Amino acid sequence: MQEDLFNSERSGVSPSSSRAPDPLSQAEPGRPAEPVPLALAGRRRDSASRTGARPPRHLADLPLAQRREVVAGLGQPPFRASQLSRHFFGRYTDRPEEMSDLPRAARDPLAQALLPRLLTAERELSCDAGTTRKTLWRTFDGALVESVLMRYPDRVTMCVSSQAGCGMACPFCATGQAGLTRNLSTAEIVAQVVAGARALAGGEVPGGPGRVSNVVFMGMGEPLANYAAVIAAVRRLTDPVPAGMGISRRSVTVSTVGLVPAIARLAAERLSVTLAVSLHAPDDELRDTLVPVNRRWQVAEVLAAAWDYAAATGRRVSIEYALIRDINDQAWRADLLGSRLAGQLAHVNLIPLNPTPGSKWTASRPAAQREFVRRLEAHGVPVTVRDTRGREIDGACGQLAASALVSAAHEQSP
Ligand code: SAH
């Protein structure tokens with residue numbers, strides 16, 4: 001599990017490890033190791049998950065062979081595992097009454113053993129004429145996570161959470177302010193995508209019935225800090241039915257603050273998913289503040305890991321850069337970024353900052369943004385500016401903070 005990954009790697013030699021307290025410490029979920037200059041910093045989440053109970057086992061946690069073993073243990077023929085899996089991954093249902101190919105008496109025991117309901121929709125918000133939908137989910141133990149479905153003319157992207165909260169404490173990110181509650185299980189991650197697929201297949205999203213074509217791990221959490229569960233989720237999402245959902249690997253993006261050993265490990269998995277690295281500054285001095293884990297793995301190491309990933313997979317790495325007015329949007333930083341990326345298999349995705357409640361930071365001025373783009377292009381670096389879908393429903397990047405949403409919902413109820 002990821003604790004093992006970190007414990008073993010934390011003891012490894014790191015040139016930056018003496019510069020600051022370890023921002024990766026997950027021993028105290030809910031408390032960023034660094035002071036964070038925002039109102040919510042250090043606040044504890046009240047969640048039953050603090051008891052440490054594990055989410056119930058679900059077929060999406062298991063490879064198909066293990067699902068067969070569970071089914072056999074219930075005295076059923078092993079092929080029932082495939083039938084059950086087809087219902088979940090192909091028809092997006094976990095309801096026994098919809099499984100007419102299973103003997104009536106077997107449906108409930110099988111569903112109880114392998115298809116427990118993991119996520120309950122607490123609240124649903126939509127904008128962009130219904131084509132952007134954010135769902136707030138409550139887990140079995142009361143933790144809150146969010147996912148966002150975004151329908152475009154040519155694709156449907158699900159943005160999923162990999163953790164309840166996040167321990168990385170980036171000061172401009174809403175999720176980072178409240179700290180980490182817990183890792184999600186593989187099935188809790190997969191269930192977010194299946195729920196989106198069900199809504200699309202059922203014609204609930206304007207534009208007619210559709211399919212989920214892309215998955216981005218850009219919701220709550222640091223996916224590479226929940227490594228084992230995330231990798232298994234990628235396998236479930238991309239293995240063909242009935243083993244998984246059959247989404248193309250190339251259409252899956254894993255976004256990270258830059259956990260260097262985990263990037264190397266991901267490269268070795270040969271999963272050929274797209275890697276996104278949240279850089280946000282080309283220099284260590286500023287990145288130490290914006291992405292505190294930089295004190296552990298600095299810009300040069302993170303970029304070296306990214307280029308190794310590109311070499312191992314042949315996949316272009318996406319460099320995420322939230323443009324923050326007068327903080328990281330200076331022309332010289334554009335030039336420094338351009339010179340560090342020039343000639344690499346990379347492109348820059350500029351994200352106009354979504355200001356979080358209480359933050360003193362805001363998005364760059366249009367002229368600064370244009371100049372930033374121009375200078376990157378002058379270095380021959382491909383660059384796009386991300387659209388800011390979902391802003392009105394706090395569903396845009398960096399805006400996922402379930403606790404804030406719940407209190408807003410409560411204020412509105414009579
Ligand atoms: N932990 C992962 C996934 C986080 S969210 C990571 O850091 O990559 C996905 C992206 O949204 C990251 O690049 C993150 O830095 C960015 N982001 C977070 N808060 C933001 C904000 N307020 N405005 C714009 N982008 C933000």
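Read the numbers this way: they start at 1 and go in the same order the structure lists the ligands and their atoms. All figures in this text were calculated on a predicted structure; none of them were measured in a lab.
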Asker: Does the residue Met220 have a heavy-atom contact with ligand 1, meaning some pair of atoms that are separated by less than 4.0 Å?
Answerer: no
Asker: Can you pull the salt bridge (Lys or Arg N to Asp or Glu O under 4.0 Å) pairs that have at least one residue in residues 305-324, sequence neighbours excluded?
Answerer: Glu320-Arg386
Asker: Could you list all the salt bridge (Lys or Arg N to Asp or Glu O under 4.0 Å) pairs where at least one residue sits in residues 188-203, not counting sequence neighbours?
Answerer: Arg182-Glu188
Asker: Just to be sure I read this right, does ligand 1 sit under 4.0 Å from the backbone of Ile351, its side chain, both, or neither, counting only heavy atoms?
Answerer: side chain
Asker: Would you check whether Gly221 has a nitrogen or oxygen atom less than 3.5 angstrom from a nitrogen or oxygen atom of ligand 1?
Answerer: yes
Asker: Report yes if the distance between the aromatic ring centroids of Phe88 and His58 is under 6.0 Å, otherwise no.
Answerer: yes
Asker: Could you report the tightest heavy-atom contact between Ala262 and Tyr227, atom names first, then the distance?
Answerer: O-CE1, 3.6 Å
Asker: Pull out every atom of ligand 1 sitting under 4.0 Å from any heavy atom of Cys173, numbered as shown with elements.
Answerer: 18 (C), 19 (N)
Asker: So which bit of His280 gets within less than 4.0 Å of ligand 1, heavy atoms only: side chain, backbone, both or neither?
Answerer: side chain
Asker: Any ion pair linking Glu124 and Arg133 (charged N to carboxylate O, less than 4.0 Å)?
Answerer: yes
Asker: Below 4.0 Å, non-hydrogen atoms only: which portion of Glu320 touches ligand 1? Side chain, backbone, both or neither.
Answerer: side chain
Asker: Taking only heavy atoms of Val257, which atoms of ligand 1 are found under 4.0 Å from at least one of them?
Answerer: 6 (C), 7 (O), 8 (O)
Asker: Relative to atom 6 (C) of ligand 1, which among Ser278, Pro355, Ala322 owns the nearest non-hydrogen atom?
Answerer: Ser278
Asker: Charged N to carboxylate O under 4.0 angstrom, Glu371 versus Arg374?
Answerer: yes
Asker: Do any N or O atoms from the side chain of Arg325 and from the backbone of Ala363 form a donor-acceptor pair under 3.5 angstrom?
Answerer: yes
Asker: Considering distance alone, does some N or O of Arg386 sit under 3.5 Å from an N or O of ligand 1?
Answerer: no
Asker: Tell me the contacting part of Thr256 for ligand 1: side chain, backbone, both, or neither, using a 4.0 Å heavy-atom threshold, strictly below.
Answerer: backbone
Asker: Could you tell me if Thr132 and Arg151 have a donor-acceptor pair between their side chains, going purely by distance under 3.5 Å?
Answerer: no
Asker: Compute the shortest N/O to N/O distance between Ser255 and ligand 1 and return yes if it is under 3.5 Å, no if not.
Answerer: yes
